[in-house]
**Student:** 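Quick one: structure below, then a few questions.
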Amino acid sequence: MMTTKPTFQRMTAADTRAMCWLLQQPQAARRARMARLVSRLGDGPFYVALTLLIWWMDRQGGSEFALTAMAAYALEVPLFVLLKHLIKRPRPADALESLSAFIQPADRFSFPSGHTAAAFVMASLLCVFYPPVMLLALGLAVMVGLSRVLLGVHYPSDILAGATLGVSCAMFALWLV
């Protein structure tokens, strides 16, 4: 059963208003086509390929980056799965008959966004290890999060929670490694 605390209910009400407005815009379907492409950057294979590329191009720093990334994802993945199953917040299209998602999500629950958490793990680590790519890394992470809202599979607060989780796991992994 979904968490029913008053604060969570107020957050869901605000999220619902935002989702209804956003997904009922005339450009929603066109935006969703672009969002689908951006959202794929939030899939695991992209991060594995990027980490391998960094390791290959920067043998010394890349090895430390790869080890830290593995530690961060080893924290982030189980935490986001645990949170989803503890909170059990339904996805926007499942909670509201007036909304429909532009893609079929991988699971039933929306809080927090795993795609966003993963994107912010990678962006945070890139910012620390390779500061010149900071704006690009953070911009892509924000775009991944926004793409999940534009696709109708996450509320805005799911994205904020995913970003917070991703940054936290990256920072803890930096301390750990």
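Everything numeric in this text was worked out from a predicted model, so none of it was measured. What's counted below: heavy atoms across the whole structure, side chains too, no hydrogens, waters or symmetry copies.
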**Student:** Under 4.5 Å between side-chain heavy atoms, hopping through other hydrophobics if needed: is there a path connecting Val133 to Val142?
**Tutor:**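 Yes, Val133 connects to Val142 through the hydrophobic network.
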**Student:** State whether the side chain of Arg148 and the backbone N or O of Asp158 hold a donor-acceptor pair below 3.5 Å, judged by distance alone.
**Tutor:**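 No: the side chain of Arg148 does not pair with the backbone of Asp158.
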**Student:** Identify the residue among Leu165, Thr164, Leu160, Ile159 that makes a side chain to side chain contact (heavy atoms under 4.5 Å, CB included) with Pro112.
**Tutor:**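 Going through Leu165, Thr164, Leu160, Ile159 one by one, the side chain to side chain contact (heavy atoms under 4.5 Å, CB included) with Pro112 is satisfied by Leu165 alone.
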**Student:** Using the rule that Ile, Leu, Val, Met, Phe, Trp and Tyr join whenever any side-chain heavy atoms are under 4.5 Å apart, tell me whether Leu136 and Phe65 fall into a single cluster.
**Tutor:**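 Yes, Leu136 connects to Phe65 through the hydrophobic network.
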**Student:** Ala66: which residues meet the side-chain contact (heavy atoms from CB on, under 4.5 Å) condition with it, sequence neighbours left out?
**Tutor:**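 Result, side-chain contact (heavy atoms from CB on, under 4.5 Å) vs Ala66: Thr51.
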**Student:** Go through the structure and list residues passing side-chain contact (heavy atoms from CB on, under 4.5 Å) with Leu174, not counting sequence neighbours.
**Tutor:**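 With neighbours one apart ignored, the set is Thr68, Leu125, Val128, Phe129, Met171.
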**Student:** On a heavy-atom basis, which atom in Ala123 and which in Ala141 lie closest, and how many Å separate them?
**Tutor:**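 Smallest heavy-atom distance, with atoms named: CB-CB, 3.8 Å.
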**Student:** CZ/Phe109 to NZ/Lys88 distance, rounded to the nearest 0.5 angstrom?
**Tutor:**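 Separation between the atoms: 5.5 Å.
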**Student:** Show your reasoning for whether side chain to side chain contact (heavy atoms under 4.5 Å, CB included) applies to Arg89 and Ser157.
**Tutor:** CA-CA 11 Å; Arg89 184 185 202 185; Ser157 62; 2.8 Å; yes
**Student:** How many angstroms lie between atom SG of Cys169 and atom CZ of Phe80, to the nearest 0.5 angstrom?
**Tutor:**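 Here the rounded value is 11.0 Å.
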**Student:** Considering residues at least two apart in sequence or located in another chain, which fulfil the side-chain contact (heavy atoms from CB on, under 4.5 Å) criterion with Met134?
**Tutor:**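 Applying side-chain contact (heavy atoms from CB on, under 4.5 Å) to Met134 gives Cys127, Leu138.
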**Student:** Share the residues that join Leu52 in a hydrophobic cluster, the rule being Ile, Leu, Val, Met, Phe, Trp or Tyr side chains under 4.5 Å apart at the heavy-atom level.
**Tutor:**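 ILVMFWY cluster around Leu52 also holds Val48.
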**Student:** Check for me, please, whether Leu150 and Tyr155 land in the same ILVMFWY cluster - side-chain distances under 4.5 Å, paths through other members count.
**Tutor:**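 Looking at the clustering, Tyr155 is in the same group as Leu150.
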**Student:** Is there side-chain contact between Val121 and Val167, with heavy atoms separated by less than 4.5 Å?
**Tutor:**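 Side-chain contact under 4.5 Å: no.
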**Student:** More than 12 foreign heavy atoms under 6.0 Å from CG of Leu82: is that the case here?
**Tutor:**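 Counting other residues, nucleotides and ligands, CG of Leu82 exceeds 12 neighbours.
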**Student:** Measure the CD-CH2 distance between Gln60 and Trp55 for me, rounded to the nearest 0.5 Å.
**Tutor:**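 Going from CD on Gln60 over to CH2 on Trp55, the span is 14.0 Å.
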**Student:** With a 4.5 Å cut-off on side-chain heavy-atom distances among I, L, V, M, F, W and Y, is there a chain of contacts connecting Tyr73 to Leu83?
**Tutor:**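 They do not share one cluster, since no chain of ILVMFWY contacts under 4.5 Å joins Tyr73 to Leu83.
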**Student:** Partners of Phe172 by ring-ring contact (aromatic ring centres under 6.0 Å, His included), sequence neighbours excluded?
**Tutor:**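 For Phe172, the residues satisfying ring-ring contact (aromatic ring centres under 6.0 Å, His included) (neighbours in sequence not counted) are Trp175.
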**Student:** So how far is it from His154 NE2 to Arg91 CZ, rounded to the nearest 0.5 Å?
**Tutor:**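 One finds 4.5 Å between NE2 of His154 and CZ of Arg91.
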**Student:** First locate atom CD of Glu64, then atom CZ of Arg59, and finally report the distance between them rounded to the nearest 0.5 Å.
**Tutor:**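 So the gap between those two atoms works out to 16.0 Å.
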**Student:** Considering non-hydrogen atoms only, spot the tightest contact between Gly145 and Thr116 and give its length.
**Tutor:**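 Scanning both residues, the minimum pair turns out to be CA-OG1, 3.2 Å.
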**Student:** To the nearest 0.5 Å, what is the distance between OG (Ser147) and CZ (Arg40)?
**Tutor:**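 If we round to the nearest 0.5 Å, Ser147:OG and Arg40:CZ are 11.0 Å apart.
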**Student:** Judged by atom type as modelled, is there a donor-acceptor pair below 3.5 Å linking the side chain of Tyr47 to the main-chain atoms of Met122?
**Tutor:**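 No, Tyr47 side chain to Met122 backbone: no donor-acceptor pair under 3.5 Å.
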**Student:** Give the minimum heavy-atom separation between Glu76 and Ala117, together with the two atoms involved.
**Tutor:**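 Reported closest heavy-atom pair: OE2-CB, 3.2 Å.
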**Student:** Compare every heavy atom of Ala173 with every heavy atom of Leu75, then report the nearest pair and how far apart it is.
**Tutor:**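 Answer, listing the atom of Leu75 first, then Ala173: CD1-N, 4.3 Å.
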**Student:** For Leu41, give me all partners under side-chain contact (heavy atoms from CB on, under 4.5 Å), at least two apart in sequence or on another chain.
**Tutor:**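 Once residues adjacent in sequence are excluded, the partners of Leu41 under the side-chain contact (heavy atoms from CB on, under 4.5 Å) criterion are Phe46, Leu140, Val144.
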**Student:** Between Asp43 and Pro45, is there a donor-acceptor pair closer than 3.5 Å when you use the side chain of the first and the backbone of the second?
**Tutor:**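 A pair under 3.5 Å: no.
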